[in-house]
S.K.: 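Below: one structure in structure tokens.
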Amino acid sequence: MTKSIENLVSFPINAQNSTFFGALSSILLYRNGYTEDTPFYCGKHQRSCVRCGGCADEPFLNKHHLKIYQYLITITGCAYFWTDKEIGNPYDKPYIADDFSETALDRLSLSLYASGYHYESMNKHTEASILFDRIKQSIEKKQPVLIKLGGGDVWAVITGYHDDKNLPYLMKYRHSPQLNKDWYDKLRNIVFITDKYDSTISLTESLNHMVHHLSTGSRDKLEQKVFQKLETELDGKKLGLWLNKLNGHAIEIRWHASECYRNTLIPMLDNNKCKDFLIKASDLHLHFHDQAWKIWALLGVSPKTNYGLPHNVAELLDNSSTRAELKSLFQELFTIDRQVSELLQECLSLL
């Protein structure tokens, strides 16, 4: 016998950074009952969307899906990383407001707390037959299950099961659900999202958490390391690989943060001065995104290179003026993060 949850949407469009947030946002889109008829707040025009055509009449469901992704990646602080050293971790640390996790190992618990859901996390310490029975119970309650496979960034959604084969259906990144025979062998974490909280995280708590992530000492150390490498690293290819990794990770997620301020956080506020602070923060991180494209151009990186380095990157970085321009651009990006942190703190002071 096969049992499946219908109408589950695969991972959000324009979100390539994290399969964890992609899978979780797909589950929450379904659990919160979003449809094409659910109104969408347009951050660009600061009003409910009237389908003006400015975004080519993109379906509301796609917008809501990306909005959930952007909210979670931002309020957990992951939108402010330059590199995520914890990709591959099951993120099984509980969120405690007074115990700041710089690496955001608590992103699972914080995301679900912010979304208003209780959950239970399990792993291979529980037998496969018991886990499979629990999967069946969740599917019968129309509750999709979050699962992590292997050591990399492979998170998926369990959308159903085949009783005769004792196998779950897994929806992976941008793929339709398929039976997966290796689910238990590769299991790292399985998350059963259950009942709703009576209340969720406050905006004040979210902003405090975001400010923490924008103000860690490790950011200053990384900034100095970037400058030092640009001045002393003789191996252009090695330098290019490192800079491209930093820039490629940050460019997308700062754009998500910018969108989150306008689309999600501003509608939570009644204070117009706070709204102005968030609009300025959004503009700054949108400018961050634009300046990061200039870094890509100096590295010879573009859609034509599939965002990888060109073969002549060492030659490009052998130019002292190119290195000086890269240093200036990276300095601007780190400064933008500090400016955004100050704006968020100003907003907090008024709440």
Side-chain angles (χ1 to χ4, degrees), residues 11 14-22 73 77-89 102-105 149-155 172-174 213-214 216-258 284-340:
F11 294 25
N14 295 325
Q16 291 82 34
N17 184 268
S18 168
T19 68
F20 167 72
F21 288 110
I73 202 171
C78 296
Y80 305 127
F81 288 166
W82 282 91
T83 180
D84 190 347
K85 297 178 181 178
E86 305 304 331
I87 286 177
N89 196 291
E102 182 174 340
T103 55
L105 288 175
L149 304 173
D153 184 32
V154 185
W155 289 82
K172 294 184 180 180
Y173 179 71
R174 305 283 167 80
H213 273 286
L214 280 165
T216 61
S218 60
R219 305 175 72 81
D220 297 333
K221 291 179 182 178
L222 178 61
E223 183 178 15
Q224 293 306 313
K225 185 176 181 180
V226 170
F227 298 162
Q228 180 190 21
K229 290 283 188 182
L230 280 165
E231 292 170 359
T232 62
E233 178 58 67
L234 299 179
D235 188 330
K237 184 176 181 180
K238 182 179 178 181
L239 176 63
L241 285 168
W242 185 63
L243 295 177
N244 190 39
K245 184 177 180 180
L246 292 177
N247 196 59
H249 187 80
I251 188 172
E252 179 192 328
I253 53 181
R254 295 305 193 285
W255 176 74
H256 289 317
S258 174
L284 280 168
H285 268 151
L286 190 59
H287 183 61
F288 181 113
H289 177 268
D290 293 342
Q291 297 304 86
W293 269 98
K294 294 181 181 179
I295 290 174
W296 262 344
L298 290 170
L299 294 174
V301 173
S302 71
K304 291 182 179 179
T305 67
N306 199 26
Y307 302 102
L309 294 175
H311 68 278
N312 65 333
V313 65
E315 181 181 341
L316 293 174
L317 289 177
D318 195 35
N319 188 318
S320 59
S321 63
T322 298
R323 291 197 180 211
E325 193 170 351
L326 283 168
K327 182 178 179 180
S328 177
L329 284 167
F330 271 107
Q331 186 173 35
E332 183 178 3
L333 298 189
F334 281 101
T335 298
I336 286 172
D337 275 351
R338 285 191 285 269
Q339 291 171 332
V340 169

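Here the structure is a predicted model, which means the values were calculated and not measured.
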S.K.: Does the side chain of Glu252 come within less than 4.5 Å of Asn14's, by heavy atoms?
M.R.: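 Side chain of Asn14 against side chain of Glu252, heavy atoms only: no contact under 4.5 Å found.
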
S.K.: Take atom CD in Glu315; do more than 12 heavy atoms of anything else shown fall under 6.0 Å from it?
M.R.: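 It does not: Glu315 CD has 12 such atoms or fewer within range.
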
S.K.: Quick check: Trp82 with Phe334 (ring centres under 6.0 Å apart)?
M.R.: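 Yes; Trp82 has its ring centre under 6.0 Å from that of Phe334.
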
S.K.: Strictly by modelled atom types, are Gln291 and Lys294 linked by a side-chain donor-acceptor pair under 3.5 Å?
M.R.: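 Their side chains do contain a donor-acceptor pair, which is all the 3.5 Å distance test asks for.
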
S.K.: Given side chains that start at C-beta, do those of Asn89 and Thr103 come closer than 4.5 Å, heavy atoms only?
M.R.: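 No, their side chains stay 4.5 Å or more apart.
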
S.K.: Looking at every heavy atom in both Val313 and Leu299, which two are closest together, and how far apart are they?
M.R.: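 In terms of heavy atoms, the two residues are closest at CG2-O, 4.0 Å.
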
S.K.: Apply side chain to side chain contact (heavy atoms under 4.5 Å, CB included) to the pair Leu317 and Glu233, showing each step before the final yes or no.
M.R.: CA-CA 10 Å; Leu317 289 177; Glu233 178 58 67; over 6 Å; no

S.K.: Any sub-3.5 Å donor-acceptor pair from Thr232's side-chain atoms to Gln228's backbone N or O?
M.R.: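 Here the side-chain-to-backbone pair exists.
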
S.K.: State which residue, out of Asn319, Leu316, Leu329, fulfils the side-chain contact (heavy atoms from CB on, under 4.5 Å) condition with Leu298.
M.R.: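 Filter result, single survivor: Leu329.
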
S.K.: Should the pair Trp296 and Tyr307 be assigned to parallel (<30°), tilted (30 to 60°) or perpendicular (>60°) ring geometry?
M.R.: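 Trp296 and Tyr307: tilted rings.
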
S.K.: If you compare all heavy atoms of His289 against all heavy atoms of Ile251, which two are closest, and at what distance to 0.1 Å?
M.R.: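 The answer is CD2-O, 3.2 Å.
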
S.K.: I'd like to check the salt bridge (charged side-chain N to carboxylate O under 4.0 Å, His left out) partners of Glu102; sequence neighbours left out, ordered by chain and number.
M.R.: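 Glu102 satisfies salt bridge (charged side-chain N to carboxylate O under 4.0 Å, His left out) with no residue once adjacent residues are dropped.
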
S.K.: Taking atom CD of Glu223 and atom CG of Leu333, what is their separation to the nearest 0.5 Å?
M.R.: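 Separation between the atoms: 9.5 Å.
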
S.K.: Could you state the interatomic distance from CD (Glu332) to CD1 (Ile336), rounded to the nearest 0.5 Å?
M.R.: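 Reported to 0.5 Å precision, the distance equals 4.5 Å.
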
S.K.: Within this structure, what is the CG-NZ distance for the pair Leu234 and Lys229, rounded to the nearest 0.5 Å?
M.R.: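 Here the rounded value is 10.5 Å.
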
S.K.: Could you go through Asp84 and His249, starting from their C-alpha distance and side-chain angles, then the distance that decides it, and tell me whether this counts as side chain to side chain contact (heavy atoms under 4.5 Å, CB included)?
M.R.: CA-CA 8 Å; Asp84 190 347; His249 187 80; 3.9 Å; yes

S.K.: If you round to the nearest 0.5 Å, how far is OG1 of Thr19 from CG of Asp153?
M.R.: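 Here the rounded value is 3.5 Å.
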
S.K.: If I compare all heavy atoms of Ser258 with all of His285, which pair ends up nearest, and what's the gap?
M.R.: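 In terms of heavy atoms, the two residues are closest at CB-CB, 4.0 Å.
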
S.K.: So how far is it from Leu239 CG to Leu309 CG, rounded to the nearest 0.5 Å?
M.R.: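 Interatomic distance, Leu239 CG to Leu309 CG, rounded to 0.5 Å: 9.5 Å.
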
S.K.: Please lay out, stage by stage, how Arg219 and Arg338 fare under the test side chain to side chain contact (heavy atoms under 4.5 Å, CB included).
M.R.: CA-CA 10 Å; Arg219 305 175 72 81; Arg338 285 191 285 269; over 6 Å; no

S.K.: Who pairs with Arg323 by salt bridge (charged side-chain N to carboxylate O under 4.0 Å, His left out), at least two apart in sequence or on another chain?
M.R.: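 None.
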
S.K.: Do Val340 and Arg254 have side-chain heavy atoms sitting under 4.5 Å apart?
M.R.: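 No, side chains not in contact.
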
S.K.: Nearest 0.5 Å, please: how far is OH in Tyr173 from CZ in Phe11?
M.R.: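 Rounded to the nearest 0.5 Å, the CZ-OH separation comes to 9.0 Å.
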
S.K.: Let's go through Phe330 and Leu243 carefully: what are the C-alpha distance in whole Å and the side-chain angles of both, what is the deciding distance for side chain to side chain contact (heavy atoms under 4.5 Å, CB included) to 0.1 Å, and is it a yes or a no?
M.R.: CA-CA 10 Å; Phe330 271 107; Leu243 295 177; 3.8 Å; yes

S.K.: Would you mind reporting whether Val226 and Trp242 have side-chain heavy atoms less than 4.5 Å apart?
M.R.: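 Yes, close enough: below the 4.5 Å cut-off.
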
S.K.: Quick check: do Thr216 and Tyr80 have side-chain heavy atoms less than 4.5 Å from each other?
M.R.: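 Contact flag for Thr216/Tyr80 side chains = no.
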
